There are 2 protein chains.
Amino acid sequence: MTTVRKRADARRNEQALLDAAAAAFVETGVDVPVRAIAARAGVGVATIYRHFPTRADLIVAVYRHQVEACAEAGPELRASAPSPYDALVRWIDLFVDFLGTKHGLAEVLQSGDPTYATLHTWFVDRLVPVCAELLAAAADAGQVRGDVRALELMRGVGNLCIGAGTDERYDARRMVRILMAGLRHD
Amino acid sequence: MTTVRKRADARRNEQALLDAAAAAFVETGVDVPVRAIAARAGVGVATIYRHFPTRADLIVAVYRHQVEACAEAGPELRASAPSPYDALVRWIDLFVDFLGTKHGLAEVLQSGDPTYATLHTWFVDRLVPVCAELLAAAADAGQVRGDVRALELMRGVGNLCIGAGTDERYDARRMVRILMAGLRHD
DNA sequence: CACGATACGGAACATTGTTCCGTTTATCAA
DNA sequence: TTGATAAACGGAACAATGTTCCGTATCGTG
């Protein structure tokens, strides 16, 4: 399978867009206007759409590595943590860390806006199985109630992370800890 | 204090707008375009802004009675429930009922969008004290941990309600129950 | 070096919130 | 009843943003 090599300027622009988007996401949030990203990368708006048909594709590309790392940490924690429940809690911590530092990502993930359907699907496909594994192990060990599905838990945690960092009176991490504590009941 | 009586057409239009907005909120969500509300009420867009300077004011006007009822239920539950914790849980249930049936309201409440600042403030001012009362009673009775503030709890619950009703795999009410269960730990 | 395919840039279009202004209408006094 | 006046109105106009289109420029290859 000989990969068709893209033109040099196309590859250059794609990288410039990824860099510009990453910076803009940090500075303004994932809902930064496309024109701002384009200007920052020194390209026209159409170039964004050519490389990333939807905004979701761009977000996915920017955060691919970090989400991948989070997914891979699941099995590792399962092996190294003192108990299945600990493994689950620590993994959820990683997830919260990730979401908490991405201004507006949690919001957009749960928004239901069709623009972000790809993003939502990608998160679910990649992370829910990992969470399900940890959750099942904890349930099998009798450490958490058995009637909660991974998708539900992740969505709840994601929801709790909305607005994290915008109001010092709201501590998303603490709320997630309380939710995880509630999981222990039957 | 003689109240300056507004013109008859102004009063008529204000009521028509409230009715149209209520219907549109149910049908489309609280983020329905202003033009759609105006058309439904048979008025021009400027008439909306004349009566309700911001979208938040319109939402507040539409839901005023229901939020008021929720606020008033707090002391009643406190008196009638078998325990302070039960009172708290039941009151939170009412709150979830309210949010769950208002498409997009939970989203908008936590969005941080300055457009909805008035709405956010109104919710906080009216409901947080009620929640604080119930929470303090439960904490005094040793039924819940004492380090969670009412604002934080309500915000967490509000967040968990985001997306309720748009995905049958996510049961906001169950997640709220789990959060409330987590509150019992120290 | 020339040519075809690829990619580009920015104008143009669509949607939505918000404001402005010329026109209409309700109210009240004569 | 009628006319003056302040209140209220409607819709055009403006601004911001997402998305698409098309004429032009550039890359890669023979």
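So you know, we letter chains A, B, ... as the sequences are listed, proteins then strands, and number each from 1. None of the values given here were measured: they were computed from a predicted structure.
- When rounded to the nearest whole Å, the span between CZ of B:R50 and P of C:dT25 equals 14 Å.
- At whole-Å resolution of the value, CG in A:L58 and C1' in D:dT19 are 15 Å apart.
- Each of A:D171, A:L160, A:N159, A:V89 was compared with A:V176 under the side-chain contact (heavy atoms from CB on, under 4.5 Å) criterion, and only A:L160 meets it.
- Atom CZ in A:R35 sits about 8 Å away from atom P in D:dT17, given to the nearest Å.
- In this structure the side chain of B:Y116 reaches within 4.5 angstrom of the side chain of B:R55, judged on heavy atoms.
- Relative to the side chain of B:V34, the nucleotides C:dG17, D:dA8, C:dC8 differ in distance, and C:dG17 lies closest.
- Between B:R173 and B:D97 a salt bridge is recorded (basic side-chain N to carboxylate O distance below 4.0 Å).
- Residue-level contact check: A:R55 touches the backbone only, with heavy atoms under 4.0 Å from sugar-phosphate atoms and none from bases.
- Counting any heavy atom pair closer than 4.0 Å across all strands shown, A:V43 reaches sugar-phosphate atoms only and no base atom.
- Atom pair A:I37:CD1 and C:dG10:C1' shows a separation of 17 Å (rounding to whole Å applied).
- As judged by a 4.0 angstrom heavy-atom cut-off over every strand, A:A46 is placed among the base-contacting residues.
- Within the 4.5 Å cutoff, the side chain of A:Y170 has no heavy atoms near those of the B:L151 side chain.
- Summarising the geometry, the separation between CZ on A:R11 and P on D:dC27 is reported as 12 Å, rounded to the nearest angstrom.
- Atom OH of B:Y49 is separated from atom P of D:dG10 by 15 Å (rounded to the nearest Å).
- We find that CG of A:L17 is positioned 12 Å from C1' of C:dC8, with the value rounded to whole Å.
- For the OP1/OP2 pair of D:dA8 and a distance below 4.0 Å, the side-chain nitrogens and oxygens of B:H51 include no atom meeting the criterion.
- In this structure, of C:dG10, C:dA7, C:dT18, it is C:dA7 that holds the atom nearest to the side chain of A:K6.
- When the nearest nucleotides of DNA chain C are assigned to B:P33 and B:R7 by heavy-atom distance, the more 5′-ward of the two goes with B:P33.
- Atoms CG (A:D9) and P (C:dC8) sit 5 Å apart, rounded to a whole Å.
- Counting heavy atoms from C-beta on, the side chains of B:L105 and B:F123 come closer than 4.5 Å.
- Both A:T47 and B:V32 lie close to DNA chain C; mapped to their nearest nucleotides by heavy-atom distance, the more 5′-ward contact belongs to A:T47.
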